[in-house]
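Take a look at the structure set out below.
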Amino acid sequence: TPGAMDKKPRDPLLRRRTAARGIDSLICFIIGFPCGLMLYSAVYEYLNAAGHIGSDQTAGILFIVCAVATLGVCHMSYESVFLFLFGATPGKMLMKLRVVDQETLGRINYLQAYQRARGILNFGLFWYFLYPFLLPFSYLWASRREAQPWDTMAKTRVILKNGQDNKTK
């Protein structure tokens, strides 16, 4: 029916992209959280020995800072390197997606991969901490957009691995 057609998201690959982001977020969390815990332990021991940890609240803030910083570095490295080398992250590979240049539909350069990763970090750091809880809201937010902000910023586009463009599907 014509009414049902109007309710489809503008990006027909949104469900695949959302699943891919979830897979990538889980991988980054599995790698980044233990690294953040090790960083926290080292910094805590150093500051505690110097007498700078005065309360549990200070230790909690230190843990959050170490976790966010480590996850950010992990995400930037993971996303940038995989997109530059393979054109897709492991999540996108599993969902049979790839990231291409918006104009040429060819391989993206490292600057585009970095800008895209930075945009995802700026707009979506919540994925790492609250992914299961915020998924319905983020899906609704993304479904109303033709392109995600990080794709627009980096001048990239996500297409099916077989080369079919998401706008022509």
Below 4.5 Å, heavy atoms only, C-beta onward: do Leu160 and Arg16 meet side chain to side chain?
-> yes
Should we count OH of Tyr110 as having more than 12 external heavy atoms under 6.0 Å?
-> yes
Please name the pair of heavy atoms, one in Ala117 and one in Ser80, separated by the smallest distance, quoted to 0.1 Å.
-> CB-OG, 3.6 Å
Under a 4.5 Å side-chain heavy-atom rule over Ile, Leu, Val, Met, Phe, Trp and Tyr, are Phe82 and Ile31 clustered together?
-> yes
Heavy-atom side-chain proximity of Asn162 to Lys96 below 4.5 angstrom = no
Electrostatic pair Asp151:Arg116 at N-O distance under 4.0 angstrom = yes
Between Arg157 and the options Ile108, Leu105, Leu13, the side chain to side chain contact (heavy atoms under 4.5 Å, CB included) test singles out Leu105
In Å and rounded to the nearest 0.5 Å, what is the CG to CG distance from Leu47 to Leu62?
-> 6.0 Å
For Phe33, check ring-ring contact (aromatic ring centres under 6.0 Å, His included) against everything at least two apart and list the hits.
-> Phe29
Please name all residues satisfying side-chain hydrogen bond (donor to acceptor under 3.5 Å, both in side chains) with Tyr78, sequence neighbours left out, ordered by chain then number.
-> Asp24
Are Tyr46 and Val43 co-members of a hydrophobic cluster defined by side-chain heavy atoms under 4.5 Å apart?
-> yes
Judged by atom type as modelled, is there a donor-acceptor pair below 3.5 Å linking the side chain of Gln112 to the main-chain atoms of Asn109?
-> yes
Should Val65 and Tyr40 count as side-chain neighbours, where that means a heavy-atom distance under 4.5 Å?
-> no
Can you measure from CD (Gln102) to CD1 (Ile159) and round to the nearest 0.5 angstrom?
-> 12.5 Å
Are Val100 and Thr156 close enough that some pair of their side-chain heavy atoms sits under 4.5 Å apart?
-> no
Please examine the side chains of Met93 and Arg98, heavy atoms only from C-beta on, and report whether any two atoms are closer than 4.5 Å.
-> no
Write down the atom of Leu71, the atom of Cys28, and the distance for their closest heavy-atom approach.
-> CD2-O, 3.7 Å
If you look at every heavy atom in Lys92 and Ala20, which pair is closest and at what distance?
-> N-CB, 3.7 Å
Correct closest heavy-atom pair for Cys66 and Gly36 would be CB-O, 4.0 Å
From CZ (Phe63) to OG (Ser41), nearest 0.5 Å = 9.0 Å
Same cluster (ILVMFWY, side-chain, under 4.5 Å), Val73 and Val68 | no
Is there a path from Leu39 to Ile53 through hydrophobic residues (I, L, V, M, F, W, Y) whose side chains come within less than 4.5 Å of each other?
-> yes
Please check if the side chain of Arg107 supplies one atom and the backbone of Phe84 the other of a donor-acceptor pair under 3.5 Å.
-> yes
dist Met38:CE -> Thr70:OG1 (nearest 0.5 Å) comes out at 9.0 Å
How about Ile120 and Arg21: do any of their side-chain heavy atoms sit closer than 4.5 Å?
-> yes
State the CG-NZ distance between Leu94 and Lys161, to the nearest 0.5 angstrom.
-> 9.5 Å
Please report the shortest heavy-atom distance between Thr104 and Asp101, naming the atom on each side.
-> N-OD2, 2.9 Å
Heavy-atom check, side chain of Trp150 versus side chain of Gln115, under 4.5 Å | no
Heavy-atom closest pair, residues Leu121 and Gly72 | CD1-CA, 4.0 Å
Look at the side-chain heavy atoms of Ile, Leu, Val, Met, Phe, Trp and Tyr, link any pair under 4.5 Å apart, and say whether Met76 and Ile27 land in one connected group.
-> yes
